[in-house]
*Asks:* 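Sharing a structure with you now.
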Amino acid sequence: MNVLSCSINTLIKEGLYEISGVEVGQHFYWQIGGFQVHAQVLITSWVVIAILLGSAVLAIRNPQTIPTDGQNFFEFVLEFIRDVSKTQIGEEYGPWVPFIGTLFLFIFVSNWSGALLPWKIIQLPQGELAAPTNDINTTVALALLTSAAYFYAGLSKKGLGYFSKYIQPTPILLPINILEDFTKPLSLSFRLFGNILADELVVVVLVSLVPLVVPIPVMFLGLFTSGIQALIFATLAAAYIGESMEGHH
Amino acid sequence: MKNLTDSFVYLGHWPSAGSFGFNTDILATNPINLSVVFGVLVFFGKGVLNDLLDNRKQRILNTIRNSEELREGAIQQLENARARLRKVETEADKFRVNGYSEIEREQLNLINSTYKTLKQLENYKNETILFEQQRTINQVRERVFQQALQGAIGTLNSCLSNELHLRTINENIGMFGTMKEITD
């Protein structure tokens, strides 16, 4: 983002070159073992995790029968997640509520923290802080987790009979069913990544063009769509799990 | 693309490359817009959220109150049922005790009446026996009498002859003659 804003500023101030392309900002790398990781994503992920765990721990001390405000809010959120899981998965939704809840809350809080918190105040040597879900690695990780989850659900419920679902309703659809196993995590990850990154880019471009009032509606739109995306991710994950645990027709 | 970016790197201002720090460029870090967005969000969201949460709290309170009332009602009914049970139990006991004494009294009555009837029958029996005895004795007497009379008649018939008659009549005439002399 810095490269982008810097480039546009240079362009406006010096009017020297015509840009015909856009490059997304660089990453801040750390070396862990033999891997290079995107440190800015890790840092923002830690902040999101700290927000989630801290607020939950603070609100759930001394649980009362008639709930206090914080406890009421968290119970409300839990009921919402339970409702989503129950609608999508059906009767055996109990064990999956933590998973779906984690997906939903992590994605929601990371999206909204990226949109609301003033990350740009903190400057890194390279790259910049933003929502952790604007990195394809994060979203792919979440999507692969979902894939593993629905495979585990199907296998643990039906054993090896799970693979009979590839031949239903007709064996002609076998290649399409196998393809589905690849397109599901692909679509999940790219949907989330694309939405979040695109919204960030739009806001950055607008801010660098007209800093003051014009970006505000787009920021609201961003909040709205990122919230929806979190809900969609969680609902789809629950739907895949429910579909693979579905009873015998 | 990379050459283009490289030339930009040389030409443009690279802000504090290679170090941590704080970015104080207000236009770049966007705090004004962020605060506006945040303010509007809090302003509207607070109302909605408080509504939802209050609804939930009210629902919980109502449910608790309802269940408390139901519990009270149930306890009340239990108490009533227990009181009724106790009352019925005492009555049953009373009936049982009364019943036993009734039975005993009836028993005694029955025994007494049977005894009386028995005694009466005994009396009748004795009387009848006496009566029968008397009758037989009378019958026997009568028979004996009859026999005696028959014997007497027989003796008389055998003893009574003309000579006895003549003698008896002569005695009686003589007796009457003397009695007539006496009275004259």
Side-chain angles (χ1 to χ4, degrees), chain A residues 1-11 13-14 16-23 26 28 64-76 79-80 112 115-126 128 203-204 206-208 210-220 222-223, chain B residues 1-69 71:
Chain A
M1 265 25 103
N2 269 343
V3 175
L4 182 59
S5 47
C6 168
S7 321
I8 296 187
N9 279 336
T10 314
L11 189 70
K13 286 180 200 155
E14 306 189 352
L16 281 178
Y17 290 88
E18 300 246 351
I19 285 192
S20 59
V22 173
E23 183 181 340
Q26 295 192 345
F28 177 41
Q64 316 273 348
T65 311
I66 302 192
T68 55
D69 280 333
Q71 183 182 340
N72 200 5
F73 175 65
F74 274 90
E75 284 181 4
F76 173 68
E79 268 182 14
F80 175 71
W112 271 34
L116 287 178
L117 294 182
W119 287 116
K120 296 213 180 50
I121 290 186
I122 304 177
Q123 242 184 353
L124 301 177
Q126 274 182 330
E128 57 193 10
V203 170
V204 158
L206 281 181
V207 160
S208 59
V210 184
L212 276 184
V213 171
V214 170
I216 292 183
V218 177
M219 291 171 84
F220 277 115
L223 283 178
Chain B
M1 188 47 96
K2 195 149 188 335
N3 286 336
L4 209 59
T5 328
D6 280 346
S7 39
F8 269 94
V9 166
Y10 280 118
L11 279 179
H13 314 128
W14 190 269
S16 53
S19 69
F20 289 93
F22 282 104
N23 188 347
T24 49
D25 185 358
I26 289 195
L27 293 184
T29 56
N30 216 8
I32 310 174
N33 292 335
L34 277 177
S35 43
V36 170
V37 169
F38 198 71
V40 172
L41 190 71
V42 164
F43 182 67
F44 286 114
K46 212 181 186 55
V48 169
L49 203 64
N50 278 342
D51 241 353
L52 287 171
L53 291 181
D54 276 339
N55 276 351
R56 186 167 183 272
K57 200 166 184 172
Q58 275 310 111
R59 213 172 357 115
I60 292 179
L61 281 172
N62 282 347
T63 317
I64 289 181
R65 207 175 330 132
N66 276 350
S67 55
E68 282 287 321
E69 278 174 23
R71 182 173 171 269

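Numbered from 1 within each chain, the chains take letters A, B, ... in sequence-line order.
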*Asks:* Would you say that more than 12 heavy atoms from the other residues, nucleotides or ligands in this model lie under 6.0 Å from the CZ of A/Phe73, or not?
*Replies:*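 Check fails, neighbour count at 12 or below.
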*Asks:* Going by heavy atoms in the side chains, are B/Leu34 and A/Met219 under 4.5 Å from each other?
*Replies:*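 Side chain of B/Leu34 against side chain of A/Met219, heavy atoms only: contact under 4.5 Å found.
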*Asks:* Answer with side chain, backbone, both or neither: which region of B/Ile60 has an atom nearer than 4.5 Å to a non-hydrogen atom of chain A?
*Replies:* side chain
*Asks:* If you round to the nearest 0.5 Å, how far is CG of B/Leu53 from CZ of A/Phe76?
*Replies:* 6.5 Å
*Asks:* Could you tell me which portion of A/Glu79 (side chain, backbone, both or neither) has an atom closer than 4.5 angstrom to a non-hydrogen atom of chain B?
*Replies:* side chain
*Asks:* Does any non-hydrogen side-chain atom of A/Trp112 lie less than 4.5 Å from one of B/Leu41?
*Replies:*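 Yes, close enough: below the 4.5 Å cut-off.
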*Asks:* Side chain, backbone, both or neither: which part of A/Leu117 has a heavy atom under 4.5 Å from chain B?
*Replies:*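 Interface part for A/Leu117: backbone (N, CA, C, O).
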*Asks:* Of all heavy-atom pairs between A/Pro67 and B/Arg56, which one has the smallest distance, and what is that distance?
*Replies:* CG-NH1, 4.5 Å
*Asks:* Can you find a pair of side-chain heavy atoms, one from A/Ile216 and one from B/Val37, that are under 4.5 Å apart?
*Replies:* yes
*Asks:* Does CZ in A/Phe74 sit with more than 12 non-hydrogen atoms of other residues, nucleotides or ligands closer than 6.0 Å?
*Replies:* yes
*Asks:* Counting only heavy atoms not in B/Asp54, do more than 12 sit closer than 6.0 Å to its CG atom?
*Replies:* yes
*Asks:* Just how far is it from atom CD1 of A/Ile66 to atom CD1 of B/Ile64, taken to the nearest 0.5 Å?
*Replies:*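 Between atom CD1 of A/Ile66 and atom CD1 of B/Ile64 there are 4.5 Å.
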*Asks:* At a heavy-atom separation under 4.5 Å, does A/Val213 approach chain B through its side chain, its backbone, both, or neither?
*Replies:*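 Just its backbone gets close to chain B.
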